[in-house]
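To start, the structure under review is shown below, and the notes come after it.
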Amino acid sequence: MEILAVRYDHPDAVKLDELVQQEYVRRYGDGDLTQLDAEMFAPPNGTYLMAYEDGQPLATGGWRVQEDAAEGYRVGDAEIKRMFVLPQARGRGLARRILAALEADARTAGRIRMVLETGTEQPEAIALYGSSGYRTVEKFGYYRTYEESICMAKPLTG
């Protein structure tokens, strides 16, 4: 198993992004409408990771700088996006490993708080983040007015 930094527009990242969008449609009736592009995940303002085994992509996740106060973010925030593990690779700790790597990278980049938005139809994500030290916070971002939205945060310092 290896975790590599790739561009968000890398073919493997695009492939897994299509699959996570299908997962969102299945759970919520629509894909994630948040506008993302590869430059948002380019260091030092973010990173995008892929977990591979025998050359096959199994999991993904990224972080990006997000400080727009009008949308509820704070100076120093790093936002997690596109955490996803293929169904056949779940239960092996891949999401936890990617999450830890994202946190370490964001901390190295000088970010002080990791934030994320998930939803009520993703109990496994809520459990992962809760067990990793994330706590529910006031809503932020594109989905801040949606009832199904759950926003969480974790300090990266102290």
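Computed from a prediction, not measured in an experiment: that's the story for all the values here.
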For [Y], is there any backbone N or O sitting under 3.5 Å from a side-chain donor or acceptor partner on [X]?
| X | Y | value |
| --- | --- | --- |
| Asp77 | Arg74 | yes |
| Gln21 | Asp32 | yes |
| Tyr143 | Leu33 | yes |

Provide the closest heavy-atom pair for [X] versus [Y] in the form atom of the first, atom of the second, distance.
| X | Y | answer |
| --- | --- | --- |
| Gly119 | Ile126 | O-CD1, 3.5 Å |
| Tyr24 | Gln122 | CE2-NE2, 3.9 Å |
| Ala59 | Leu94 | CB-CB, 4.1 Å |
| Ala153 | Val137 | CB-CG1, 3.7 Å |
| Ala109 | Pro44 | CB-O, 3.8 Å |
| Thr120 | Tyr28 | N-OH, 3.6 Å |

Give a yes or no on whether a salt bridge exists between Glu23 and Arg26, defined as a side-chain N under 4.0 angstrom from a carboxylate O.
-> yes

Can you sort out the partners of [X] under side chain to side chain contact (heavy atoms under 4.5 Å, CB included), two or more places apart, ordered by chain and number?
| X | answer |
| --- | --- |
| Lys139 | Arg144, Ser149, Cys151 |
| Asp105 | Thr47, Trp63 |
| Glu103 | Leu99, Arg107, Met114, Tyr134, Lys154, Leu156 |
| Met40 | Leu36, Asp37, Arg64 |

Honestly curious: do [X] and [Y] fall in one hydrophobic cluster under the side-chain, below-4.5 Å linking rule?
| X | Y | result |
| --- | --- | --- |
| Ile3 | Leu128 | yes |
| Met152 | Tyr142 | no |
| Val20 | Tyr129 | no |

Would you check if [X] and [Y] make a side-chain contact, meaning some heavy-atom pair closer than 4.5 Å?
| X | Y | result |
| --- | --- | --- |
| Leu58 | Val85 | no |
| Glu2 | Tyr52 | yes |
| Leu49 | Leu4 | no |
| Ile80 | Val115 | no |
| Met50 | His10 | no |
| Glu39 | Arg7 | yes |

For the atom pair OH (Tyr48) and CG (Leu102), what is the distance rounded to the nearest 0.5 Å?
-> 9.5 Å

Glu79 and Tyr73: CA distance, side-chain angles, deciding distance, side chain to side chain donor-acceptor pair (under 3.5 Å) verdict | CA-CA 9 Å; Glu79 182 182 33; Tyr73 296 99; 2.9 Å; yes

Candidate pair Phe140 and Gln66, rule side-chain contact (heavy atoms from CB on, under 4.5 Å), full reasoning | CA-CA 10 Å; Phe140 53 79; Gln66 194 64 297; over 6 Å; no

Salt bridge (Lys or Arg N to Asp or Glu O under 4.0 Å) filter on Glu67, not counting sequence neighbours, yields Arg111

Yes or no on side-chain contact (heavy atoms from CB on, under 4.5 Å) for Met83 and Thr60, after CA distance, side-chain angles and deciding distance?
-> CA-CA 6 Å; Met83 288 286 292; Thr60 186; over 6 Å; no

Is the Phe41 ring parallel, tilted or perpendicular to the Tyr8 ring (thresholds 30°, 60°)?
-> tilted

Provide the full list of side chain to side chain donor-acceptor pair (under 3.5 Å) pairs with a residue in residues 84-93, sequence neighbours left out, each pair given once.
-> Glu53-Arg92

